[in-house]
Undergrad: 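This is the structure I have questions about; it appears just below.
Chain identifiers are assigned alphabetically (A, B, ...) following the order of the sequence lines, protein sequences preceding nucleic acid strands; residue numbering begins at 1 within each chain.
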2 protein chains.
Amino acid sequence: MLKYNQSHKNYIILIIKTNAVYLLKRLSKYIKNLNIKKKTTIKDIANVLNISPAAVSKALHDDSRISEKTKKAVKQVAKNLNYQPNHLASALRKGKSHLVGVIVPRTNSNFFSSVIQNIEEELDKEGYNIIITQSNESYKKECRNIDTLLFTQVDGIIASMANETINLDYYEKIKSKGIPLILFDRGENDLNVDYIGINDYDSSHMIVEHLVQQGCKRIAHIGGYKRTRIFNNRIRGYIDALKKHNLSLEDELLIESNLTIEDGREKMSQLLALKNKPDAVYVAGDYAALGALQILNEQGIKIPEDIALVGFGNEPFTAMVTPSITSINQHSAEIGKQAAKTFLEHAKKSVVKQQLNKIILDAELIVRDSSNIKNS
Amino acid sequence: MLKYNQSHKNYIILIIKTNAVYLLKRLSKYIKNLNIKKKTTIKDIANVLNISPAAVSKALHDDSRISEKTKKAVKQVAKNLNYQPNHLASALRKGKSHLVGVIVPRTNSNFFSSVIQNIEEELDKEGYNIIITQSNESYKKECRNIDTLLFTQVDGIIASMANETINLDYYEKIKSKGIPLILFDRGENDLNVDYIGINDYDSSHMIVEHLVQQGCKRIAHIGGYKRTRIFNNRIRGYIDALKKHNLSLEDELLIESNLTIEDGREKMSQLLALKNKPDAVYVAGDYAALGALQILNEQGIKIPEDIALVGFGNEPFTAMVTPSITSINQHSAEIGKQAAKTFLEHAKKSVVKQQLNKIILDAELIVRDSSNIKNS
DNA sequence: CATATATGCTTAAACGTTTAAGCAAAATAA
DNA sequence: TTATTTTGCTTAAACGTTTAAGCATATATG
């Protein structure tokens, strides 16, 4: 029983029967909550229903050892009190953060943005969230990103390496911590981790084949850095495809580039300065291809009649510019999905039984105006 | 003392003096660590130095009540054992995750990607990490993103709303939880939260003024949804600027659009079907402007001589297409920085003393070929 | 000299959740 | 009937960190 006695206008005196002490304990906690306006916890639910916090936790997770009746009650109270589980606490206890780090060179490319979106969708199904970081093609930034992600206790990292990255120490660091590492697009064979990418070698073959069919005989290649696996594969594919079609490989037609717009302009100018100009240019990246296109347009060179142009990556702008640029579609959605799935496999399997996945997807050539000689 | 006795080839017998029991305890923990290969914790460091975990924690945080000698020792041991603080534990204890959620309609736009990058850089300085989520312009996805971020226990949310978003319940949910919410670009006055954006009204004035200067008399506007604040402001600016220059506002020249490429094409076609065609079109988004440009090019209409074209947002492709598109630069870097700073202010200040920031930045008109009549 | 203050630590509890272990009571099997 | 299993919970510890409170010891102050 609880007596109320307004003995003084500024005080309230409560007279509580001794056996109500336990109630008072609950009440005092409730009052505390009122003041600080704390978030409701499992304990609060437990107090309301007069069961243990453990039972509440199990009920919320549909443990088989909890009665349906209790489960229903718990869920109802949880809803009423607007209970939101504290992710940090459960992550700490379970030793899993349910966060996955993603590192990309940049997000403002359609390829990466689409990969990210698909990673996210796939992981979301299993209750994982992703933390996206951008390296801006900088090795230093990439290292900081890795540290940040490790600090945030991510359960895994999905990454595409910066152009600059040669030193793999930081990636070894991830591996040494036993955190699943999955690379996509820009990977490294030496690291010996899971990898998802397209068949760059075959893609180069497709491009050269297409250009040969269009009647081109002097096909130049503005490639990426040879030391980066994907660009090396594109170069090898280019060289082998030339051989296959009995075209000679000429040193002056094979140029290494960082594949920015600016460098695309420069390398294209370089090609135009040759005595014996090419009749086709295959650029290993769309942005550089755009730079090349600008130079060609500026110099009044007809595309594709004088020089045909092919890019790589199928960035949306390839379809927007004039003339539209033929390019390779990398199936970004599939790459993202596979990367996520590969991570999930690691997360589910025991630490011991691990095997490497190297997933190589076929790419697709999107023929546009810049190389469509016969119909132009 | 510790005696070693190889009595059996498969066993090792250790004879330990009784007073070494306490050492054994430490040793057994060490052995355990060896087997399970656990991460080193503050406790490990404490054990090595024979001090309390509390002292270690304080030493690592440069607490004034810890001697320099101890600090040095702790830091050295921490380095030796490759100690990485467990962020989850400290976040749980401190009630702060040091994570900030970011919601954008999409990341593959230069504007958003640049904003994000600057938010990240600014927050990184103060030890915050960001979790990026994309709404893909979908209200449903946006709601899920908010739930995800709240679940991850973010300390704040910086968001730009999806086009679809009209119902503000989910944003109210953030507010009601006392989590700082900062909107940028796409905001809502009704929400009454911090906002960082550009002066859309003035920007429209600048555009109209520029077109008038180029000699245009019938200026059309393909605008965004009227209900969205920024697009409404652009429309108001357009209308008022027309008045200011004594041009009549004609209903058929003011069109509402979702501002995608496709809709840009459609709305431009609609304008071209008019008996009395416009001599300039101001499109409230670059993508729709691109669609408009495609239609104009396809129909052989000269830009800017027949019809001048202006976009909004200064997406990189506006400089890439032919002719290049005049557009408004939104100072994405500054918006990102200010958004981050605004959050940090909230994070530092006490919950009680809060005041709203509405930061409106001036934008910049980048004149390109599509509206440069006099020099073309 | 006694008292006050500063220094350098320790102890113990807390953050909110999960989970191994355990214990009655109920249901089932022998 | 008794033994066994199942059901439905509780207790208590743990995850790794931080921090309020406390306690000596050393130093400063009057």
Undergrad: Rounded to the nearest Å, what distance is computed from the CG atom of residue N47(A) to the C1' atom of nucleotide dG16(C)?
TA: 13 Å
Undergrad: Side chains of Q76(B) and N80(B): do they bring a donor and an acceptor to under 3.5 Å?
TA: yes
Undergrad: May I have the distance from D63(B) (atom CG) to dT19(D) (atom C1'), rounded to whole angstrom?
TA: 10 Å
Undergrad: Inspect the contact between E120(A) and K125(A) and indicate whether a charged nitrogen and a carboxylate oxygen are less than 4.0 angstrom apart.
TA: no
Undergrad: Taking OH from Y83(A) and P from dG16(C), how many angstroms apart are they, rounded to a whole number?
TA: 10 Å
Undergrad: Grab the NE2-P distance between H61(B) and dG16(D) for me, whole Å please.
TA: 16 Å
Undergrad: What is the distance from CG of L60(A) to C1' of dG16(C), rounded to the nearest Å?
TA: 13 Å
Undergrad: What is the distance from NZ of K43(B) to C1' of dC15(D), rounded to the nearest Å?
TA: 10 Å
Undergrad: Examine the side chains of S138(B) and S135(B) and answer whether a donor and an acceptor come within less than 3.5 Å of each other.
TA: no
Undergrad: So E345(A) and K348(A), salt bridge (Lys or Arg N to Asp or Glu O under 4.0 Å) or not? Walk me through it.
TA: CA-CA 5 Å; E345(A) 272 177 35; K348(A) 281 173 187 165; over 6 Å; no
Undergrad: What string of B, S and - do you get for nucleotides 6-12 of chain D 5' to 3' if you count protein non-hydrogen atoms under 4.0 Å?
TA: -BBBBBB
Undergrad: When you look at R144(A) and D124(B), which way does the salt bridge (Lys or Arg N to Asp or Glu O under 4.0 Å) test go after all the steps?
TA: CA-CA 10 Å; R144(A) 285 207 298 124; D124(B) 182 69; 2.8 Å; yes
Undergrad: Might you point out which heavy atoms bring L99(B) and T152(A) nearest each other, and give the distance in Å?
TA: CD2-CG2, 3.9 Å
Undergrad: So, using side-chain hydrogen bond (donor to acceptor under 3.5 Å, both in side chains) as the criterion, who are the partners of S90(A) when residues are at least two apart?
TA: none
Undergrad: How close do L92(B) and N86(A) get, counting heavy atoms only, and between which atoms?
TA: CD1-ND2, 4.0 Å
Undergrad: Checking Y128(A) now: which residues fulfil ring-ring contact (aromatic ring centres under 6.0 Å, His included) with it, not counting sequence neighbours?
TA: H98(A), F343(A)
Undergrad: Provide the closest heavy-atom pair for Y171(B) versus E142(B) in the form atom of the first, atom of the second, distance.
TA: OH-CD, 3.1 Å
Undergrad: Kindly calculate the angle separating the two end axes of the helix from dC1(C)-dG30(D) to dA30(C)-dT1(D), each obtained from five base pairs, and round it to 10 degrees.
TA: 40°
Undergrad: Apply salt bridge (charged side-chain N to carboxylate O under 4.0 Å, His left out) to D169(A) and list each qualifying residue two or more places apart in sequence or on a separate chain.
TA: none
Undergrad: For DNA chain C, what residues of residues 85-94 of chain B have any heavy atom nearer than 4.0 Å?
TA: L92(B), R93(B)
